Amino acid sequence: MSTDAKNNTALMEKIVSLCKRRGFIFQSSEIYGGCGGVWDYGPLGAELKRNLRTAWWNAMTRDREDVLGLDASILMNPAIWKASGHVETFADLMRECSLTNKRVRADHVDPQDGVIMNYTGAEAATGWKLDRVISVLMKKGEHIESFRKRVRLLIASNAGEAAGKPEEIVLLGEAKADAVEGSIDYHPETGGALGPARPFNLMLKTYLGPTATEDDVTYLRPETAQAIFAQFKNVFDASRVKVPFGICQIGKAFRNEVTPKNFTFRSREFEQMELEFFIKPDEAIEIISGEVAAWSEGADLSEPQANWGWDLWHRYWVDQRTKFYEGIGLGGVLEYYWQTPEDLAHYARACVDILCHFPFGTEELEGIAARGSFDLTAHQNASGKSQEVFDEELKVAAAKLSDEQKEAMIQKRLAAEQSKVKGAPMAEADVRAWFERLFKGNYVPHVIEPSAGLDRMALAIIANAYEETEKTDEKGKKEVITVLKLHPRVAPIKVGVFPLLKNKPELVAKAREVYALLKRHMNVFYDETASIGRRYARQDEVGTPFGITIDFDTLGEKGPELLDTVTLRHRDGGEQERVKISDLLGKLLAEVS
RNA sequence: GCGGGUGUAGCUCAGUGGUAGAGCAUCUCCUUGCCAAGGAGAAUGUCGCGCGUUCGAAUCGCGUCACCCGCUCCA
């Protein structure tokens with residue numbers, strides 16, 4: 001491992017340790033030896049997550065007029081997961097290459113010809129050993145030396161750093177076995193022997209109903225989005241909204257990750273915050289507004305416009321989400337990855353990953369995808385229930401189009417279908433049928449989906465707030481001071497209240513008074529033990545942005561002008577100011593909300 | 001899933017076959033007039049879990065669980 005990587009691993013370990021020590025995050029079921037890939041939030045972690053949830057909910061729905069909230073259940077009719085493609089994609093039997101662990105679908109192995117070569121194991125100069133039989137297919141026409149080189153490379157890449165350089169790996173007990181033709185027991189690319197066929201379903205299976213038969217199988221949702229699509233029509237009908245509008249939801253989702261790792265970053269139970277923002281198809285915009293606005297560098301994205309198509313809406317949401325992250329203190333550490341046409345799923349038109357710097361690398365916090373009408377159409381087809389909306393404005397505008405204008409739109413779309421990078425083009429008859437509905441004012445809305453992970457967000461906040469400084473005291477003793485520079489809006493504790501000395505009842509009484517005053521409005525921590533410096537330090541370590549100290553001036557000992565004033569200490573920089581108790585609440589609320 | 005590593009007090013770690021330790025943190029009392037001060041005392045672990053070897057296991061062996069690192073996976 002490089003020095004950087006070691007430092008980053010050490011940093012991550014310190015963060016994990018702080019999280020446990022101070023009650024942010026604990027390992028699940030720890031007293032029973034833990035439980036893989038799941039984590040519990042302690043008192044401070046619960047507050048942090050709650051603050052993030054509230055910030056997201058306010059930004060996405062409460063502060064807007066065009067987004068509605070939803071709170072759907074985790075368990076749903078399994079037909080939803082069939083329609084969405086989740087069951088099909090992950091219920092397949094897969095076989096794993098014994099050399100590289102690359103997986104192939106069991107029913108999709110191309111037949112191979114060649115000679116089977118067996119080895120009893122392998123070893124390396126580093127002392128590393130592989131003590132199991134390796135069976136690899138030497139393909140027809142492959143030279144024995146290039147074959148051996150290839151095997152060494154595959155072994156090295158799977159063993160990681162322990163095995164050292166590939167060319168220094170020694171293959172043991174080489175033995176030529178049978179020649180095979182049309183064998184489906186070897187990986188088509190690597191030639192490694194394939195293991196038994198096993199299901200690799202990333203969804204957590206459960207039984208709905210006490211009889212627990214195969215008929216009762218359902219899944220814990222692997223994402224919250226599908227519930228929004230499934231309830232789209234109900235929300236639409238119940239809320240007197242018009243497209244464009246959105247539905248957002250916060251909730252738990254579950255995935256049987258093969259390898260949970262990086263603390264809470266990839267876990268099997270996690271919380272998502274998702275918005276499905278429904279928009280008109282571009283063709284509808286063209287009919288109503290005459291044209292679809294084009295994006296250019298520096299375009300004004302602050303206020304949505306009637307002539308925006310999916311591209312501008314997509315960029316608008318990237319902009320909105322960026323502003324959100326800036327508002328919780330993650331502004332400076334974000335990166336963006338615009339997926340290329342090759343990266344994109346066949347139904348997606350564009351997808352931006354918002355990435356954030358973590359000690360273990362730059363990883364995805366949120367994905368913002370333009371998914372067209374893929375999801376609603378899939379549910380419309382599978383359920384047989386129309387997911388179309390009727391748009392009066394569109395119907396009126398379409399009625400004014402000439403037949404030539406209509407045909408020109410159809411031709412334009414047909415050409416676009418032919419030049420698709422991924423997926424089959426839509427048949428002409430289907431395109432014409434779709435326009436037929438559109439001209440009458442009916443369409444299935446398209447969607448922009450900003451999908452964020454709450455646990456990742458919480459981890460990003462903690463990791464990026466973590467700061468160590470070395471301090472030397474009067475005796476020359478060096479010590480490391482840890483500060484979590486959390487944004488006041490997300491900090492679990494907003495302010496600490498301290499009497500300067502606990503053996504002076506007047507100070508304690510006054511401090512309790514201030515504590516009671518603030519407590520009803522924010523999370524406040526009262527502390528009277530140990531020295532004032534230590535109390536400040538304790539709060540710095542958990543990211544409390546403010547400290548209030550009640551001293552003898554507060555009691556009026558230095559004159560009436562300081563009576564009922566306190567020291568307000570700022571975590572970042574440590575500067576102090578004298579504030580009247582009556583001004584405290586307003587001043588603090590402005591900072592923390 | 002494969003390979004490597006780790007697992008001892010809340011945290012960081014020492015302890016390699018013979019009665020479980022240190023520093024920090026925690027709690028109590030005293031002291032303390034603004035940035036991890038000092039004193040006195042207290043509490044805290046069947047050494048991840050199970051099985052085995054041994055007169056005797058934190059220590060040796062096997063298994064298992066969890067975490068970390070490297071592969072792999074991540075719709």
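The sequence lines fix the lettering, A, B, ..., with proteins before strands; numbering per chain opens at 1. As the structure is a prediction and not an experimental result, all values here were calculated from the model.
At the heavy-atom level, A:Ser17 lies under 4.0 Å from the strands shown only through sugar-phosphate atoms. The residue A:Phe263 sits close only to the backbone: its heavy atoms come under 4.0 Å of sugar-phosphate atoms, none of a base. At the heavy-atom level, A:Gln576 lies under 4.0 Å from base atoms of the strands shown.
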Kindly list each side-chain donor-acceptor pair under 3.5 angstrom involving residues 364-376 of chain A, sequence neighbours excluded, with atom names and distances?
{"residue": "A:Glu366", "atom": "OE1", "partner": "A:Arg321", "partner atom": "NE", "Å": "3.1"}
{"residue": "A:Glu366", "atom": "OE1", "partner": "A:Arg321", "partner atom": "NH2", "Å": "3.0"}
{"residue": "A:Glu366", "atom": "OE1", "partner": "A:Tyr325", "partner atom": "OH", "Å": "2.6"}
{"residue": "A:Glu366", "atom": "OE2", "partner": "A:Arg321", "partner atom": "NE", "Å": "2.7"}
{"residue": "A:Arg371", "atom": "NE", "partner": "A:Asp375", "partner atom": "OD2", "Å": "2.8"}
{"residue": "A:Arg371", "atom": "NH2", "partner": "A:Asp375", "partner atom": "OD1", "Å": "2.8"}
{"residue": "A:Arg371", "atom": "NH2", "partner": "A:Asp375", "partner atom": "OD2", "Å": "3.4"}
{"residue": "A:Ser373", "atom": "OG", "partner": "A:Thr377", "partner atom": "OG1", "Å": "3.2"}

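A close approach under 4.0 Å does not occur between any side-chain nitrogen or oxygen of A:Arg21 and OP1 or OP2 of B:U26.
With respect to the salt-bridge test (charged N to carboxylate O, under 4.0 angstrom), the residues A:Asp527 and A:Arg534 do not qualify. Looking at A:Arg571 and A:Asp540, no side-chain N of the basic residue comes within less than 4.0 Å of a carboxylate O on the acidic one, giving no salt bridge.
A donor-acceptor contact under 3.5 Å is formed by the side chain of A:Tyr536 with the base of B:C34. No donor-acceptor contact under 3.5 Å links the side chain of A:Arg255 to the base of B:C74. No donor-acceptor contact under 3.5 Å links the side chain of A:Thr9 to the base of B:C68.
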Worked verdict on A:Glu513 versus A:Lys510 for salt bridge (Lys or Arg N to Asp or Glu O under 4.0 Å) = CA-CA 5 Å; A:Glu513 222 175 88; A:Lys510 198 72 190 172; 3.2 Å; yes

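Taking the ring pair (Phe, Tyr, Trp, His ring centres under 6.0 Å) definition, one finds that A:His446 meets it with nothing, sequence neighbours left out.
Side-chain contact between A:Gln539 and A:Arg535 is absent, with no heavy atoms from C-beta onward closer than 4.5 Å.
Within a heavy-atom distance below 4.0 Å of RNA chain B, the residues of residues 547-564 of chain A found are A:Thr549, A:Asp551, A:Phe552, A:Glu557.
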